Protein chains: 2
Amino acid sequence: MLKAERQKYIMTKLIEDQKVVTTDLALALDLSEDTIRRDLNELDSKKLLEKVYGGAVQVSRKSTDVFDIYISAEEEKKQIVTKALSLLRDDQVIIMSGGSTNLVFAKLIPANLKATIYTYSLPIAMQLSQHPNIDLIFIGGKMQKNAMVTIGMDVIQVVSKIKADICFIGASSINVKQGLTEIGYEISIVKKAMIEASDKVVSMFSSDKLNTKMPHSVCDLSQLDTIVTNLDPQDARLEEYKKAGVLVL
Amino acid sequence: MLKAERQKYIMTKLIEDQKVVTTDLALALDLSEDTIRRDLNELDSKKLLEKVYGGAVQVSRKSTDVFDIYISAEEEKKQIVTKALSLLRDDQVIIMSGGSTNLVFAKLIPANLKATIYTYSLPIAMQLSQHPNIDLIFIGGKMQKNAMVTIGMDVIQVVSKIKADICFIGASSINVKQGLTEIGYEISIVKKAMIEASDKVVSMFSSDKLNTKMPHSVCDLSQLDTIVTNLDPQDARLEEYKKAGVLVL
DNA sequence: CAAAATAATGCAGTTGTATGCAATAAATAA
DNA sequence: TTATTTATTGCATACAACTGCATTATTTTG
């Protein structure tokens, strides 16, 4: 039995019984108590449980943040979205797609901004529901569960009736020739509708998305007004995008 | 045997067994462990699996709980909703209102249940998006931000078109004369629509809601099929409800 | 087609990790 | 308090993983 497997077992048992006992685990897994203790210490230091004399108990939930989604390279994303905050104005109507970059953006929207935001992403809606001055409208439909966004015709229908000032689109892939492309067909058509519905189109992404390609086209560069990346706008890698008429922040 | 073929085999085995062991794979594929390790490293860097000491395991589905909402008296609520799990069947169409009791219910729905669930509560949708076998449909509209639910005509319109087998309604207040009542007008009409749309109506709440009253009527007792509380069904406080024809769990 | 470049594989030596055991320390229970 | 249980520490052993290198396929190029 692998160590990782064993620790998973311990976590499962912990959730079932609310606690685990060192000696019981050693018996059940046919291992020395020392090993179990080492596992418990490890899991404890990862804050996945709390070690106590004789075993371990569940970790008491924190309460500062409403939810707990892992965001890779969060610092980098903060830098990106901070640049985009300058695009926000009071009384705008905004559409936001899903994606962790947009989620970071939602977290950083200043508390005094008054605006109307449409979104179809659950985490973003959760985040924005904490904001005191934003009118929030969730676009319903069938959920794509892993991404926690709604998709399909219901979404398209609602989006196509919005008259938005600006939309913020997450990007899976972008390159000069094909523009924005997506891995999923359904997401691609939703994003097309977002672009149709908005006066201004902004996309935020990190530089590793540059010059990559996915199967389903969203739009070409001419339809993007602004892109925001972690690179300096003067960076050579962005040269071609600027030539195509896109504003680079 | 091609490398690609081999890696496919590894991925298949990983899904079957939840894990793979380096030495076993080397034996089964008649290759050195080094080669297997190189494969595992490759697949790891593609994030298709997670390499661990001795082998590899499946990529950890984000932490079990995606978010972190404080639920008062969670243990009591667990006891209530556990009783209600017996009402669930495969292939049902279900509508769920918001509320922390329903959220606890959502957490405890067995992983093997296959059903379609409509909801207009963000936390419940987040929770259910973790469920492997549920078709989830979110009912969009304007968000009532403190409660994290959508409300208004958009919601009513969608709900009134659903043909549901069963709905689970959280209760603010219930008493024998007025039935279910709510503090907010908008929520009350959404719940009315839910009841219209469902063959069977279930409400779960703790006993402190019994014999209390709010301004806006939802329905009277005759429209409720089942109520689920923390009390023993034989408890005297539930006598009148049973006389009114409600099934008490 | 042959030659060259590239990739894949296995091997040996080294490094790192996991585990159990024994001795000792700390915490709990009587 | 003492006795008992549980934890910690250092150490030895076994095994897994990594490194660099040689060998063999495979692909690319002239």
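A quick note: this is a predicted structure, and the numbers were derived from the prediction, not measured. Computation of the quantities below employed the complete heavy-atom set of this structure, encompassing side-chain atoms and omitting hydrogens, waters and symmetry-equivalent molecules. In what follows, every chain begins at residue 1, and chains take the letters A, B, ... in the order their sequences are listed.
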Close N or O pairs between protein and nucleotides 22-24 of chain D (under 3.5 Å):
none

Between the protein and nucleotides 27-30 of chain C, list the N/O to N/O atom pairs that are separated by less than 3.5 angstrom.
from, atom 1, to, atom 2, distance (Å)
dA27(C), N3, Y53(A), OH, 3.4

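A salt bridge links D235(B) with R237(B): the closest approach of a Lys/Arg side-chain nitrogen to an acidic carboxylate oxygen falls below 4.0 angstrom. The residues E33(A) and R37(A) are annotated as salt-bridged, a charged nitrogen and a carboxylate oxygen being separated by less than 4.0 angstrom. Remark: K77(B) does not engage E74(B) in a salt bridge, criterion side-chain N to carboxylate O under 4.0 Å.
Rounding to whole angstrom units, CD of residue E42(A) and C1' of dT19(C) are separated by 12 Å. The separation between K51(B) atom NZ and dG16(C) atom P is 15 Å, rounded to whole Å. Rounded to whole Å, the distance from CD on E5(A) to P on dT19(C) is 12 Å. Rounded to an integer number of Å, the gap from CZ of R6(B) to P of dA7(C) is 16 Å.
Distances shorter than 4.0 Å separate some side-chain N or O of N41(B) from OP1 or OP2 on dC18(D).
Applying the ring-ring contact (aromatic ring centres under 6.0 Å, His included) test to F105(B) and every residue at least two apart in sequence or in another chain returns F168(B). F138(A) meets the ring-ring contact (aromatic ring centres under 6.0 Å, His included) test with F138(B); sequence neighbours excluded. Under the side chain to side chain contact (heavy atoms under 4.5 Å, CB included) criterion, T212(A) pairs with S173(A), not counting sequence neighbours. With sequence neighbours left out, the side-chain hydrogen bond (donor to acceptor under 3.5 Å, both in side chains) criterion links Q7(B) to D39(B), E42(B). Residues satisfying the side-chain hydrogen bond (donor to acceptor under 3.5 Å, both in side chains) test with S172(B), not counting sequence neighbours, are E182(B). For S86(B), there are no side-chain hydrogen bond (donor to acceptor under 3.5 Å, both in side chains) partners at least two apart in sequence or on another chain. D225(A) pairs by the side chain to side chain contact (heavy atoms under 4.5 Å, CB included) definition with K200(A), V201(A), not counting sequence neighbours. With sequence neighbours left out, the ring-ring contact (aromatic ring centres under 6.0 Å, His included) criterion links Y185(A) to H216(A).
Near DNA chain C, meaning a heavy atom under 4.0 Å from it, residues 29-38 of chain B has L31(B), S32(B), D34(B), T35(B), R38(B) in order of number.
Here V52(A) lies in heavy-atom contact (under 4.0 Å) with sugar-phosphate atoms only.
Between K3(A) and D39(B), the residue anchored nearer the 5' end of DNA chain C, judged by the nucleotide with its closest heavy atom, is D39(B).
Within the 4.5 Å cutoff, the side chain of T226(A) has no heavy atoms near those of the V246(A) side chain. Within the 4.5 Å cutoff, side-chain heavy atoms of M126(B) are placed close to those of M126(A).
In the helix from dC1(C)-dG30(D) to dA30(C)-dT1(D), the end axes, each obtained as the rotation axis mapping the C1' atoms of four pairs onto the next four within a five-pair block, lie 40° apart to the nearest 10 degrees.
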